[in-house]
Structures are given as structure tokens and as C-alpha cells.
Protein chains: 2
Amino acid sequence: MTELNNSINELKNVAQFIAHKLEEMILTGELAPGQHLIQTDIATQFGVSRLPVRDALKILEKRELAVTQPRRGVIVRPLNLQEVSDLYELRRLLESHAFTRSVRNLTEQDIADVEAILQRQESFSMGQFIQILDLDEQFHIKLCSRCENEEIKSSLVKIWSRIRVLRSLERDWDDWNKNSVKSHRGILAAIRAQDYKKARQLLEEGIDRAENKITASVKAVIALSAQSDLTKSAHN
Amino acid sequence: MTELNNSINELKNVAQFIAHKLEEMILTGELAPGQHLIQTDIATQFGVSRLPVRDALKILEKRELAVTQPRRGVIVRPLNLQEVSDLYELRRLLESHAFTRSVRNLTEQDIADVEAILQRQESFSMGQFIQILDLDEQFHIKLCSRCENEEIKSSLVKIWSRIRVLRSLERDWDDWNKNSVKSHRGILAAIRAQDYKKARQLLEEGIDRAENKITASVKAVIALSAQSDLTKSAHN
DNA sequence: ATGACGGTAAATGGATACAGATATACGGGC
DNA sequence: GCCCGTATATCTGTATCCATTTACCGTCAT
């Protein structure tokens, strides 16, 4: 409860605090895709009434991390291979466009910020995978920050919140982070050399690689859960 | 109350019913941009408690038709010239992409459906401007329906719900609808001729014309409201 | 053993009343 | 004329209750 009161000042209200916590629990796998999010349980778990929990679930739904089934409740958004490719096609389209618009407007300070993000990314290792996710996201968002289109930027932020969930399924974080850093270094170098065409190409290649990796992870997890469903029904 | 009970079966719950009604009121101008949406007032107005109203406001917020100001309430999304161009840049990017992906997959039935939409559009006139908006939207959505990307399609639907609000500010509906039909006829003809490149070009030109028209309308309304603000403060 | 049926429990959707927090506005004092 | 405190309007959250729907589970018949 003290932790709640402390953190509540950073966020605006209880609902946002709970939504944030639930998102963390989704990222850590504590809440699995498809799992029911039961209002009363969450309410007692956090020691609040059901109302802010309902609000929190609506926040998750707005961010498309959860799905509401009317009169049946809310579940964590289930995994879906089609969704991965659809989401990545959308991301490629938007980010590539935004990057092109933004890259010429990046200031010295922006470049320095990106460099700082990249250096922090280099210093992290496996254990802190949520931070790794955040830094990767920050890198890409920062590069698009000067695209001068708030709609596209907010669309990208929404897409990233979903990509984070998919990425959290990744196993080999060390390898993943190494490749990410390498790709980011290349992009940053191309930007510094003002070779924007090459930068964009590297960016798109990175997005494609990420899609392939995530597709593999999601496939593996779906296969695994299908298998456990089989064993479960075999036990019955 | 009887109307409520009748319509409630079509929608899933009271909140969605109220959200739908509020959206209509925004489109008809009954609720003006920037206007406060006060929970208790709306609750008494519809004869329900505050809870479903809160839910309804969150639905509007999710669709970006309303903006929540923490601890101050919810307002109808204010008009903003920048937003028009940002939204249209996003629409152009997504719709153009989706159209290209979709157009080759359109079936005979799809084309027939589009033709039917277009014919209905031709038969309407000024009075029924909400229907005109719907038909215009249906035309564009249908053309993109076979893009095989649910994410892009749902993004486009969201964009359209906002564009509808902006378009509702238009004055000269008769002129507007005539131009729209003409543009749509050209696109459909190009599709039938399998000249997809031309179809796409016509589509993009239509989007640009729409942006210009809406920009003018929004400018006019903003100027008008600024003027009335002046007279109001002069009276104080 | 398996499928259909029915009853009970659980969960959501909604209503009501009340307590608290907070931003704006108003008005009085300096 | 400006600053500051109070008042008001409004949202935010708690606590309880009820209705309706859905899910679960055990029984029964095939």
C-alpha cells in the first residue's frame, strides 16, 4: 500500500497505476495471452474497489493489450501469427515514412540523445529485458520524433506498446540485444554521414529482421501452448 | 426509454448506446468541439447512472472523438488545423497503400457492392448529410477491404470516424456530394479498366481535394468561434 | 464412456449513496 | 490592481446492492 501511494504520484490516478502494473505483468509473462482478467480478483489483489480496475482494463483495451468480450469479461490479447505480420507491415509503412520526414530535421541534440540511448543499450545484458525493450523503442521513436506529424507519432507509440508484448516472448535476449545494437549503430552512422537513403534502407532491413525473429518466437509459443493443451486434455 | 430498450438490443450495452448517441450529437453539431461532457448531466439526460456514462466517454476517448483532461473532465475534441493535415497525411499513406494491396483482390461482388454504394450516393441530397458521410466512407472502406491486413483496416476505420466529424462542418453538402460522386465514378471506371495506377492517382487526388475542402471549413469555423469569443469577452 | 440436461456459482453490468481530491472562479483584503 | 483564500463544480474512488448472463459441474440417459 505504501508502494502504491508512492507510485501514484508519478501517475495520475489509481486506474493508470493498475493499468501500468498489469502491462508489466503481461510483459513478464505473469499474465499469459488469453488469460482472463477478473475484475474482483484484481481489485482485491491491489486492495482497491472494482471501479478503478474497470477503468484500468479499459486503458489496456484502448492500447489493444486486452480484448473485451461483452458480458464475458476481459482477456489478455491472444497471440496470433497473422497479427504479427499485419502489425509489422503497418509499422514498416509508418516508421519508414516518419523516419524519412524526420531525419533531416534532427538536431545535434537529438543525435546526441540517440547516441546516449545506444550507449545505454550497449551496457545492458540479459536480465533486464524490460529495459532493453524500452531502449530499443526509445531509439526508434526518437529517430521519428521530428516527423512533424502528431498523428503518425501517436500511431507509432501505440504500435510499439504491442510490439513490446510480442518481443517479451523472445528467449535469447543477449543475442537479440547484440544484433539490435549493431543495426542501430549502422543506422546512426549513416545518418551522421547524411546518407539518408542508406539509413532508411538499414532501418527497413532491421524491421524485417525483427519481424522474422518475432514470428519465430510467436510460432514457438503457440506450438508450446497447443501442446500443453493436448497434454491437459489427455490428463482429463 | 422505449427507444433505449429497443436500440439496446442492437448494441451490446448501455455504454455503447450512449457513446453512439453522443457521436451522433457531435456530428449534428449538437455538441460542439471543446464542449464539456459532464458525467452527471449526461447520466440524468439519458436516465441512467454515471457508470455507463463514464464507460461511454471512454469509448469516445478511445475513438479520439473526445479528450480527457485529468481531474477536469472530458471535452469534445477541439478543432485544430494542424490535426487536419496530420490526419490527412496519415490517411493518404494508409489508404493509398491499402488500396494498392486490395484493388487486385476485389471480386465481382465487391465491385457490384461499390457500384450500389455509389448509386445510393447519387440519389441523396443535402438534408441527409449523415447518410452521405456514411456512404462516402463505405465507398473508400470497401475499396480497401481486400488489403488483407486487419491492422491497417482498423486504423482506417478509426481515421474515418474522426474525418466524419471534421466533414460534418461542411456547409455546401449538395456541391460536396456531387464532386464526391464524380470522383468516385472516375475511380471505379479506372478499376474496371484495370488501370490500377490511374485509379490510385485519382484516389490520391480525391483525398487531397477533400483535405483542402475540410481545411477551409475548419478554418472558417475556428474563425467564427474566435469571433464569438471576442464578442463574448466584450460583453463581460 | 460420452453426450445432453439442468442447477448452482461466479462474474459482469448497472444503480445508488457518499467521501475525497482538485482545478477554476469568484470575491475580499492589502 | 494584484494576491490569496474560499467556494463551487466536477471528477475520482469506496462500499454495497441487485439483475442478468455465462460457466462450471454433476447427474442422468443413451
Side-chain angles (χ1 to χ4, degrees), chain A residues 1-22 31 34-62 66-76 78 229 232-236, chain B residues 1-22 31 34-62 66-78 229 232-233 235-236:
Chain A
M1 205 56 181
T2 62
E3 188 207 1
L4 193 149
N5 282 322
N6 288 339
S7 304
I8 218 165
N9 294 329
E10 302 164 19
L11 300 167
K12 288 159 220 131
N13 56 31
V14 178
Q16 295 200 12
F17 171 80
I18 292 175
H20 184 253
K21 281 292 176 191
L22 289 177
L31 295 174
Q35 184 171 341
H36 273 76
L37 298 172
I38 295 160
Q39 294 177 6
T40 51
D41 291 357
I42 297 170
T44 54
Q45 188 178 335
F46 283 97
V48 297
S49 74
R50 270 173 54 205
L51 219 130
V53 174
R54 285 178 64 170
D55 291 350
L57 293 179
K58 285 192 202 316
I59 291 173
L60 289 186
E61 197 202 337
K62 188 167 80 173
V67 179
T68 299
Q69 304 169 310
R71 296 244 167 231
R72 294 194 49 215
V74 178
I75 62 173
V76 180
D229 282 354
K232 205 167 65 178
S233 61
H235 278 289
N236 287 0
Chain B
M1 206 57 181
T2 61
E3 188 205 2
L4 193 149
N5 283 322
N6 287 340
S7 304
I8 216 165
N9 294 328
E10 301 164 20
L11 300 167
K12 288 159 220 129
N13 56 32
V14 178
Q16 296 202 9
F17 171 80
I18 292 175
H20 185 253
K21 281 293 177 191
L22 290 176
L31 295 174
Q35 185 171 339
H36 273 76
L37 298 171
I38 294 161
Q39 293 178 5
T40 52
D41 291 358
I42 298 170
T44 55
Q45 188 180 335
F46 283 97
V48 297
S49 77
R50 272 173 41 217
L51 267 85
V53 174
R54 284 181 66 168
D55 292 350
L57 294 180
K58 285 194 201 319
I59 291 173
L60 288 186
E61 198 202 335
K62 187 167 82 174
V67 179
T68 300
Q69 303 170 310
R71 301 263 166 211
R72 291 197 51 214
V74 178
I75 61 173
V76 180
R77 184 182 258 275
D229 282 353
K232 203 167 66 180
S233 61
H235 279 289
N236 288 1

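Being a predicted model, the structure only gives us computed values, none of them experimental. Labels below follow one simple rule: chain letters A, B, ... track the order of the sequence lines, proteins then strands, and each chain is numbered from 1. Values below: every heavy atom of this structure, side chains too, minus hydrogens, waters and symmetry copies.
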- Measure from CZ on A:Phe17 to C1' on D:dG13 and round the result to the nearest Å. 15 Å

- Query: Within the structure shown, what part of the strands sits under 4.0 Å from B:Leu57 by heavy-atom distance: base, sugar-phosphate, or nothing?
  - Reply: nothing

- Query: C:dA9 C1' sits how many Å from A:Asp41 CG, rounded?
  - Reply: 14 Å

- Query: Which part of the nucleic acid, if any, lies within contact of A:Leu51, taking any heavy atom under 4.0 Å across all strands shown: a base, the sugar-phosphate backbone alone, or nothing?
  - Reply: base

- For B:Ile18 and C:dA15, give me the distance from atom CD1 to atom C1', rounded to whole Å. 13 Å

- Task: Could you point out which residue of B:Leu57, B:Asn13, B:Ile42 forms a side-chain contact (heavy atoms from CB on, under 4.5 Å) with B:Ile18?
- Result: B:Ile42

Mind listing the side-chain donor-acceptor pairs of residues 44-53 of chain A below 3.5 Å, one per line with the distance, residues two or more places apart or on another chain?
| unit_1 | atom_1 | unit_2 | atom_2 | d |
| --- | --- | --- | --- | --- |
| A:Thr44 | OG1 | A:Thr40 | O | 3.2 |
| A:Thr44 | OG1 | A:Asp41 | O | 2.8 |
| A:Arg50 | NE | A:Gln39 | OE1 | 3.2 |
| A:Arg50 | NH2 | A:Gln39 | OE1 | 3.3 |

Grab the N/O contacts between the protein and nucleotides 23-25 of chain D below 3.5 Å, and write none if there aren't any.
| unit_1 | atom_1 | unit_2 | atom_2 | d |
| --- | --- | --- | --- | --- |
| D:dA23 | OP1 | A:Arg72 | NE | 2.4 |
| D:dA23 | OP1 | A:Arg72 | NH2 | 2.7 |

- Query: Between atom NZ in B:Lys58 and atom P in D:dC11, what is the gap in whole Å?
  - Reply: 11 Å

- Note on the structure: Which of D:dT14, C:dG14, D:dG13 is nearest the side chain of A:Val14? It is D:dG13

Under 3.5 Å between N/O atoms: give me all the protein pairs with nucleotides 18-21 of chain D, atom names plus distance.
none

- Note on the structure: From CG of B:Asn13 across to C1' of D:dT22 the rounded distance in Å is 16 Å

- Query: Would you say the side chain of A:Leu60 lies within less than 4.5 Å of the side chain of A:Val74, judging by non-hydrogen atoms?
  - Reply: no

- Closest to the B:Ile38 side chain: C:dA15, D:dT10, D:dG13? D:dT10

- Non-neighbouring partners of A:Thr68 that pass side-chain hydrogen bond (donor to acceptor under 3.5 Å, both in side chains), sequence neighbours left out: A:Glu61

- Task: Please report the shortest heavy-atom distance between B:Val67 and B:Pro78, naming the atom on each side.
- Result: CG2-CD, 4.2 Å

- Task: Round to a whole Å and report the spacing from CG of B:Asp55 to P of C:dA15.
- Result: 10 Å

- Query: What is the minimum heavy-atom distance between B:Ala56 and B:Ala19, and which atoms define it?
  - Reply: CB-N, 3.7 Å

- Message: Using whole Å, what does the distance between atom P of nucleotide D:dT12 and atom CD of A:Gln16 come to?
- Response: 10 Å

- Of all the choices, D:dT12, C:dA15, D:dG13, which nucleotide is nearest to the side chain of B:Gln39 once you look at every atom? D:dT12

- Message: Measuring from the side chain of B:Ser49 (C-beta onward, heavy atoms only), which nucleotide among C:dA15, D:dG13, C:dG14 has the closest atom?
- Response: C:dA15

- Query: Who passes side chain to side chain contact (heavy atoms under 4.5 Å, CB included) against B:His36, sequence neighbours left out?
  - Reply: B:Ile38, B:Gln69, B:Arg72, B:Ile75

- Query: How long is the line joining CD1 of A:Ile42 and P of C:dA11, in whole Å?
  - Reply: 11 Å

- Note on the structure: Sequence neighbours excluded, the answer for salt bridge (Lys or Arg N to Asp or Glu O under 4.0 Å) partners of A:Arg54 is B:Asp55

